[in-house]
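Working notes, beginning with the structure itself.
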Amino acid sequence: MDLQQLCVDMTAIAKAVGEIILNARPNAGSTSIKKNTADIVTETDQAVEAHIRQRLLGQYPSFEFIGEESFKSGSEITDQPTFIVDPIDGTSNFVHGFPAVCVSIGLVVNKSPTVGVVYNPFTDELWTAIKGQGAFTSRNGGVRQRLPLTSSSLNLSSACIGIEWGSDREGPAFELNLHVFTTLARTERTGGRFVNSLRCTGSAAITICRVAAGQQDAFWECGSWAWDVAAAWCILVEAGGVMVDGHPTGNWHPPVDNRRYLAVRPASEGQEQFVREFWDVVRSGMKPPSDMKLVSDGVLA
Ligand code: IPD
Ligand code: CA
């Protein structure tokens, strides 16, 4: 498999659909509610996915394809080369014109993130990676910079953490979310693990790319999907970051469809300690343990 050619092809497609996204004018008539008003889809999401699917499978007909908008519940990622695509990551931002929107095209081979392309057409920012060949970013078509841009030592108290509300707003997973949010926001005097800053920017893929670059220290979300993370995962790991289970299971190598993710930036020191301290924060929200169980195939039950 020519991974460099794949990366070139995936990048060309991401840039082409970037034009479609930029020229779209989403409105109430072209936007539908999926689960609730925090979980929406526009006609552009669907059109862009159809376009990407047609072009990728036209060029690579033997590959599998998983896309957010055509996903059938129960389908699983196999060992075959599989494109995992989010046509628009940051749909809520897209309908608001908030410029944290991207197209995310990942290729996994043997279930391992192998090529990743994330492109934000609003800022003309591109992030790419090929397994074993490093990760890069460029802006406005300018010079490619190798990631990370910075990799100083890491610690929880000075961290800028990307965290998201998700679209489930009740139940134990949401309670755990609230616990992690408030614990990271509170001072130690009030029982928390006060960090420098928390950011909800509405695109998991862009946030993970920022973590890969070292512009944010970590990203934590339980409930997101393989298409939100697959492309950026390759970029993160190639930059020297790690993607571990978002729950404190001790799993440093979760599967792409784990649904619970903690991405931590490249660092000269402190990466492992950071993961363990973050897991402690999550674990402290799981008391009493009998109230909440970790399920093997998904989010917190
Ligand atoms: C969403 C974004 C958001 C994350 C959600 C995702 P979408 O993707 O990545 O940051 O919190 O879990 O579903 O719906 O904009 O493609
Ligand atoms: Ca999407």
Side-chain angles (χ1 to χ4, degrees), residues 13-14 17-18 20-21 24 26 30-53 65-71 73 83-106 116-122 125 127 160-171 173-174 176-178 180-181 198-212 216 218-233 235-236 243 246-247 256-263 298-300:
I13 294 171
V17 297
I20 301 176
I21 294 168
S30 61
T31 304
S32 318
I33 291 173
K34 294 208 264 191
K35 191 166 43 186
N36 54 38
T37 52
D39 186 19
I40 55 177
V41 60
T42 72
E43 288 172 1
T44 310
D45 296 64
Q46 291 157 341
V48 166
E49 179 165 319
H51 185 102
I52 295 173
R53 183 176 214 275
F65 181 95
I66 293 175
E68 175 173 14
E69 308 311 338
S70 54
F71 177 71
S73 174
F83 293 114
I84 302 185
V85 171
D86 192 342
I88 298 183
D89 187 54
T91 302
S92 296
N93 291 337
F94 173 59
V95 301
H96 286 90
F98 184 88
V101 177
C102 66
V103 45
S104 170
I105 307 180
V117 172
V118 174
Y119 178 60
N120 179 344
F122 290 93
E125 267 179 300
W127 298 267
C160 170
I161 297 175
I163 198 161
E164 294 285 338
W165 292 105
S167 52
D168 289 318
R169 300 299 167 87
E170 55 187 32
F174 184 61
L176 181 63
N177 239 11
L178 291 177
V180 171
F181 267 75
L198 299 172
R199 299 277 181 271
C200 309
T201 39
S203 164
I206 291 177
T207 305
I208 297 167
C209 290
R210 300 240 174 267
V211 172
Q216 288 185 230
F219 167 75
W220 180 78
E221 186 172 4
C222 297
S224 41
W225 295 83
W227 46 80
D228 297 314
V229 299
W233 186 319
I235 293 159
L236 174 74
M243 180 71 92
H247 280 181
V256 175
D257 55 0
N258 196 52
R259 309 278 323 271
R260 310 174 306 228
Y261 308 101
L262 171 61
V299 222
L300 196 67

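Just so you know, ligand 1 is whichever comes first in the structure, and atom 1 is the first atom listed for that ligand. These values consider heavy atoms only, across backbone and side chains, with no hydrogens, waters or symmetry-generated copies. Just so you know, residue 1 is the first one in the sequence shown, and it goes up from there.
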For ligand 1, which atoms have a heavy atom of [X] less than 4.0 angstrom away?
X      : answer
Asp86  : 16 (O)
Glu221 : 4 (C), 5 (C), 11 (O), 12 (O)
Glu164 : 10 (O), 11 (O)

Report yes if some heavy atom in the side chain of [X] is under 4.5 Å from a heavy atom in the side chain of [Y]; otherwise report no.
X      : Y      : value
Glu221 : Asp228 : no
Arg199 : Thr207 : no
Cys222 : Asn177 : no
Phe122 : Phe94  : yes

Checklist entry - Which of these, Thr201, Ile206, Ile208, Leu262, sits in a side-chain contact (heavy atoms from CB on, under 4.5 Å) with Phe219? => result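 For Phe219, the side-chain contact (heavy atoms from CB on, under 4.5 Å) test succeeds with only one of Thr201, Ile206, Ile208, Leu262, which is Ile208.
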Can an N, O or S atom be found in [X] less than 3.0 Å away from the Ca ion (ligand 2)?
X     : answer
Val41 : no
Glu68 : yes
Asp86 : yes

Item to check | Test ring-ring contact (aromatic ring centres under 6.0 Å, His included) applied to Phe181 - qualifying residues, sequence neighbours left out | outcome: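 Here the qualifying residues are Trp165.
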Item to check | atom 14 (O) of ligand 1 [closest protein heavy-atom partner, distance rounded to 0.1 Å] | outcome: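 Residue, atom and distance for the closest contact: Glu68 OE2, 4.1 Å.
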Checklist entry - Can you tell me which residue and heavy atom of the protein come closest to atom 13 (O) of ligand 1, and the distance to 0.1 Å? => result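 Closest protein heavy atom to atom 13 (O) of ligand 1: Asp228 OD2, 3.8 Å.
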Checklist entry - Is the backbone of Glu69 close enough, under 3.5 Å, to the side chain of Glu49 for a donor and an acceptor to pair up by distance? => result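 The answer is yes, because a donor-acceptor pair under 3.5 Å joins these two groups.
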Checklist entry - Can you check whether Gly202 has an N/O within less than 3.5 Å of an N/O in ligand 1? => result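 Min N/O separation from ligand 1 is below 3.5 Å for Gly202.
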Checklist entry - Between Ile88 and ligand 1, does any nitrogen or oxygen pair lie at a separation below 3.5 Å? => result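 Min N/O separation from ligand 1 is below 3.5 Å for Ile88.
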Checklist entry - For ligand 1, is any non-hydrogen atom under 4.0 Å from Asp89's backbone (N, CA, C, O), its side chain (CB onward), both, or neither? => result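 The answer is both, backbone and side chain.
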Item to check | For ligand 1, the portion of Ala204 having any non-hydrogen atom under 4.0 Å away | outcome: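 The part of Ala204 near ligand 1 is both the backbone and the side chain.
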Checklist entry - Mind checking whether Ser203 has a heavy atom under 4.0 Å from ligand 1? => result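 It does; at least one heavy atom falls under 4.0 Å.
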Checklist entry - Is any side-chain N of the basic residue among Glu125 and Arg210 closer than 4.0 Å to the acidic one's carboxylate O? => result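 The answer is yes: the pair qualifies as a salt bridge.
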Next on the checklist: Between Thr91 and Asp45, does the side-chain hydrogen bond (donor to acceptor under 3.5 Å, both in side chains) criterion hold? Intermediate values first, please.
Outcome noted: CA-CA 8 Å; Thr91 302; Asp45 296 64; 2.8 Å; yes
